[in-house]
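Heads up: the structure comes next, in structure tokens.
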Amino acid sequence: MSKQRPTIADVATRAGVSKGAVSFALNGRPGLAQATVDKILAAADELGWRPSNRARSLSVSKAFALGLVITRDPAVLSSDPFFPAFIAGVESVLATRGQALVLQVVTAGEDEEAGYRRLAQDARVDGVFLSDLRHDDPRIDLLVELGLPAVSLNRPDGASPFPAVILDDRPGTSAVVEHLLDLGHRRIAHVAGPPAFVHAMARSAAFVSTLATAGLEPVAVETGDFTAAGGIAATRRLLALPEPPTAIVYANDRMAIAGLGAAQAAGLTVPDDLSIAGFDDSELAEYVHPGLTTVRADPFRFGEAAAQTLNRVVDGEADVPDVELPPAQLVVRNSTAAPA
């Protein structure tokens, strides 16, 4: 049988004071002698008393929760390399403050807008994380309209009143291309993420510009969707070219690992016949054969910094600045080698 949670009445009995005095002391309100406050706080600590989130929210008009709306197919999200680690980073901060994370997984368009409206209208959260930024993202104006505090994951390409937590993908993508160039590759292709996403296009732009600096153009840039199926389809299209690439850079590890399988199924040896590189350094990247050359980001730290920043906004701090995280780094493994 579980032990009953101590109440304010229990604290009052232990301290020998009224429940009103306990309420004053625990909420930091003036009017009590310091000796009485100390006695009440000691009694609360001895009993292991903690305020419930419901009681806290009623007393200070806060939900003690932050929201995250993810536009993904739930089946795809289950194997996503980014969001589980990002959410773990968020939770590591919320747990220390007695807060909860309200997660909604929705489809794009009206369902997504409705998700944000529900969070605001029901006062279920104090602020939200704005992920998967799009070009001219309409959600920024929506959140302003709803009066929801927010932090954006990376900097939007338009005006925004919200602080951003930034993890620059471009240096990592450029490092992959430079690594392949140093190995001697000249026919390099790219499987990009969805063009609507700002971070997907930033990776693609870094890929193209790094090749241009070397006086080269991509063999091709195929549009993917960050899924394994998308990676396989894009790889097959690239391998069917009259002059196929000797190396392919993928916008995430899931597409890269699927592409590696597609290349092997087509009779190619990786990396002897084709070099493959990904992005994320997901858990499987080290254990596929051959180990995947990729770019290591830190989604846990991303989540941690995003939660810390959003809480500063929610707490009423003025002019919360953007936060720049260390850029993603190249991790070289055995899926890349000099071209035959």
Side-chain angles (χ1 to χ4, degrees), residues 1-69 83-105 115-116 118-129 143 146-151 162-163 165 299-321 323:
M1 204 172 163
S2 61
K3 185 178 178 181
Q4 189 173 8
R5 179 180 182 142
T7 65
I8 283 181
D10 297 326
V11 176
T13 300
R14 173 67 67 93
V17 297
S18 69
K19 288 191 292 184
V22 172
S23 179
F24 268 59
L26 296 179
N27 287 291
R29 295 167 62 184
L32 297 177
Q34 187 59 47
T36 302
V37 172
D38 291 343
K39 183 166 63 172
I40 292 169
L41 295 180
D45 188 59
E46 290 166 8
L47 291 170
W49 179 89
R50 295 291 181 273
S52 71
N53 278 352
R54 174 172 172 77
R56 293 163 72 201
S57 64
L58 289 173
S59 65
V60 297
S61 299
K62 273 192 174 185
F64 292 95
L66 303 180
L68 175 62
V69 179
F83 279 110
F86 174 83
I87 289 170
V90 169
E91 290 284 12
S92 73
V93 173
L94 303 195
T96 65
R97 293 170 54 105
Q99 293 172 298
L101 178 66
V102 178
L103 175 66
Q104 293 194 38
V105 180
Y116 286 107
R118 280 194 301 271
L119 291 178
Q121 290 165 359
D122 298 342
R124 295 174 62 191
V125 299
D126 300 314
V128 295
F129 302 99
L143 294 178
L146 296 174
L148 265 180
V151 61
F162 306 122
V165 177
F300 183 92
R301 176 65 188 120
F302 206 174
E304 190 177 48
Q308 290 165 344
T309 303
L310 182 52
N311 271 324
R312 291 175 66 182
V313 177
V314 167
D315 290 344
E317 187 173 329
D319 300 321
V320 177
V323 176

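For the atom pair E46 CD and D10 CG, the distance stands at 13.0 Å (nearest 0.5 Å). The CZ atom of F86 lies 11.0 Å from the CD atom of E91; values are rounded to the nearest 0.5 Å. Remark: L41 CG to D45 CG distance equals 8.5 Å, nearest 0.5 Å. For the atom pair CG of L146 and CZ of R118, the computed distance is 12.0 Å after rounding to the nearest 0.5 Å. S92 OG to R301 CZ: the interatomic distance, rounded to the nearest 0.5 Å, is 9.0 Å. In this structure, I87 CD1 and F129 CZ are separated by 9.5 Å, a value rounded to the nearest 0.5 Å.
Of all non-hydrogen atoms in R124 and A65, the two that sit nearest each other are O-CB, 3.5 Å. Taking both residues in full, the closest heavy atoms of G67 and L101 are given as C-CD1, 4.4 Å, listed atom of the first, atom of the second, then distance. Here the closest heavy-atom approach between residue L148 and residue Y116 is recorded as CD1-O, 4.0 Å. P321 and T309 make their closest contact through O-CG2, 4.4 Å (heavy atoms, listed as atom of the first residue, atom of the second, distance). Nearest heavy atoms, G127 versus L310: C-CD2, 3.8 Å. What you find for A63 and A123 is that their closest heavy atoms are CB-O, 3.5 Å.
A side-chain N or O of N311 and one of Q99 form a donor-acceptor pair less than 3.5 Å apart.
Contact annotation: the side chain of V128 approaches that of L143 to within less than 4.5 Å [non-hydrogen atoms, C-beta and beyond].
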**Q.** Chi angles and distances behind the side chain to side chain contact (heavy atoms under 4.5 Å, CB included) call for V17, I40
**A.** CA-CA 8 Å; V17 297; I40 292 169; 3.9 Å; yes

Q: Might you work through the side chain to side chain contact (heavy atoms under 4.5 Å, CB included) test for V151 and V313, ending with a clear yes or no?
A: CA-CA 8 Å; V151 61; V313 177; 5.8 Å; no

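Here the side chain of D126 pairs no donor or acceptor atom with the backbone of L66 at under 3.5 angstrom.
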